[in-house]
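Lettering of chains follows the sequences in order, A, B, ..., and the numbering in each one begins at 1.
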There are 2 protein chains.
Amino acid sequence: MKKTERSSYEKLEQVVGCKWSVSVLHEIGSGTKRPGALERAIEGISTKVLSERLRKLTDYGLLNKNKFPEVPPRTEYSLTQAGEQLVKIIEQIQQLDQEIN
Amino acid sequence: MKKTERSSYEKLEQVVGCKWSVSVLHEIGSGTKRPGALERAIEGISTKVLSERLRKLTDYGLLNKNKFPEVPPRTEYSLTQAGEQLVKIIEQIQQLDQEIN
DNA sequence: CAGTATCCAGACCGATACTG
DNA sequence: CAGTATCGGTCTGGATACTG
């Protein structure tokens with residue numbers, strides 16, 4: 001994505017720092033699994049961006065992807081173990097956020 | 001910065017998602033306090049961006065700023081309590097990061 | 001329904017010059 | 001030394017149309 005990165009925080013920045021990533025992780029953590037439902041649940045996100053995030057988070061090992069060979073096609077995403085840990089950490093930051101304000 | 005934000009993750013994205021923010025927080029957490037030293041310690045960051053980050057993190061209540069009325073001017077930054085908590089959380093994510101890869 | 005391709009406006013970053 | 005202003009290139013996100 002960025003090309004001039006080299007710090008050890010690269011991955012953190014690319015995952016959490018990407019707009020909508022956190023919302024997507026949180027929503028999936030809340031039980032929403034299918035892209036269509038996610039798109040409806042996360043107000044404001046576009047198809048393209050949702051797809052990009054799902055792909056990236058899957059690539060980074062934070063999401064599992066299950067594609068069912070049906071018509072119409074059905075795909076379900078879920079948190080990996082690492083994904084769940086990240087969600088927990090994100091929730092901590094949320095609380096921190098409230099303390100700040 | 002962004003203008004079309006409205007999710008509850010806005011702040012998290014704006015703080016952690018900003019390039020270099022995490023590095024700056026971490027470096028200050030490691031004891032580096034003055035802008036000049038930070039600029040040298042954080043390889044690749046520019047004056048302008050460092051200033052922006054310091055300002056934003058200060059505005060967000062993550063950093064304390066101490067300006068001394070001396071010549072030449074001296075300024076020192078330190079983590080607020082919230083800043084320290086955030087640094088701890090970031091370190092957790094670092095560990096998670098290692099598990100992912 | 002899931003996912004991709006395209007187009008465009010604007011945001012961010014980087015480098016640098018400059019002020020107090 | 002700390003901090004701001006400017007400028008240019010690049011990348012991202014948003015909207016939409018489209019494919020399987």
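One interatomic measurement links the two molecules: CD of Gln14(A) to P of dG13(D), which rounds to 11 Å at whole-angstrom precision. As a whole-Å value, the separation of Ile42(B) CD1 from dG14(C) P is 12 Å. Here dG13(D) presents its C1' atom at 14 Å from CD of Glu39(A), a figure rounded to the nearest Å. Counting to the nearest Å, the C1' atom of dT16(C) and the CG atom of Leu50(B) are 16 Å from each other.
Residue Trp20(A) has a polar side-chain atom (N or O) positioned under 4.0 Å from OP1 or OP2 of dG14(D).
Taking every side-chain heavy atom of Arg53(A) into account, dG13(D) is the closest of dG14(D), dG13(D), dG14(C).
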Hey, can you pull the donor-acceptor pairs under 3.5 Å for the side chains in residues 67-79 of chain B, sequence neighbours left out?
| unit_1 | atom_1 | unit_2 | atom_2 | d |
| --- | --- | --- | --- | --- |
| Glu70(B) | OE1 | Arg74(B) | NE | 3.2 |
| Glu70(B) | OE2 | Arg74(B) | NH2 | 2.9 |
| Arg74(B) | NH1 | Glu76(B) | OE2 | 3.0 |

Exercise. For DNA chain D, what is the dot-bracket line, given that a base pair needs Watson-Crick (N1 to N3, plus N6-O4 or O6-N4) or G-U wobble (N1-O2 and O6-N3) geometry with both distances under 3.5 Å, and | means paired with another strand?
Worked result: ||||||||||||||||||||

Please tabulate the protein-to-nucleotide N/O contacts below 3.5 Å involving nucleotides 2-4 of chain C, giving atom names and distances.
| unit_1 | atom_1 | unit_2 | atom_2 | d |
| --- | --- | --- | --- | --- |
| dA2(C) | OP1 | Arg34(A) | NE | 3.2 |
| dA2(C) | OP2 | Gly36(A) | N | 2.7 |
| dA2(C) | O3' | Thr75(A) | OG1 | 3.1 |
| dG3(C) | OP1 | Lys65(A) | NZ | 2.8 |
| dG3(C) | OP1 | Tyr77(A) | OH | 3.3 |
| dG3(C) | OP2 | Tyr77(A) | OH | 3.1 |

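With sequence neighbours excluded, the residues satisfying side-chain contact (heavy atoms from CB on, under 4.5 Å) with Thr80(B) are Asn64(B), Ala82(B). Among residues two or more places apart in sequence or in another chain, the side-chain contact (heavy atoms from CB on, under 4.5 Å) test is passed with Glu91(A) by His26(A), Val87(A). Residues passing the salt bridge (Lys or Arg N to Asp or Glu O under 4.0 Å) test with Glu39(A): none are found, sequence neighbours excluded. In this view, Lys48(B) and Glu52(B) satisfy the salt bridge (Lys or Arg N to Asp or Glu O under 4.0 Å) rule, not counting sequence neighbours. Among residues two or more places apart in sequence or in another chain, the side-chain contact (heavy atoms from CB on, under 4.5 Å) test is passed with Ala37(B) by Thr32(B), Arg40(B).
Residue pairs satisfying the ring-ring contact (aromatic ring centres under 6.0 Å, His included) criterion with at least one member in residues 28-51 of chain A, sequence neighbours excluded, are absent.
Residues Lys88(B) and Gln92(A) have side chains not in contact (no heavy-atom distance under 4.5 Å, counting atoms from C-beta outward).
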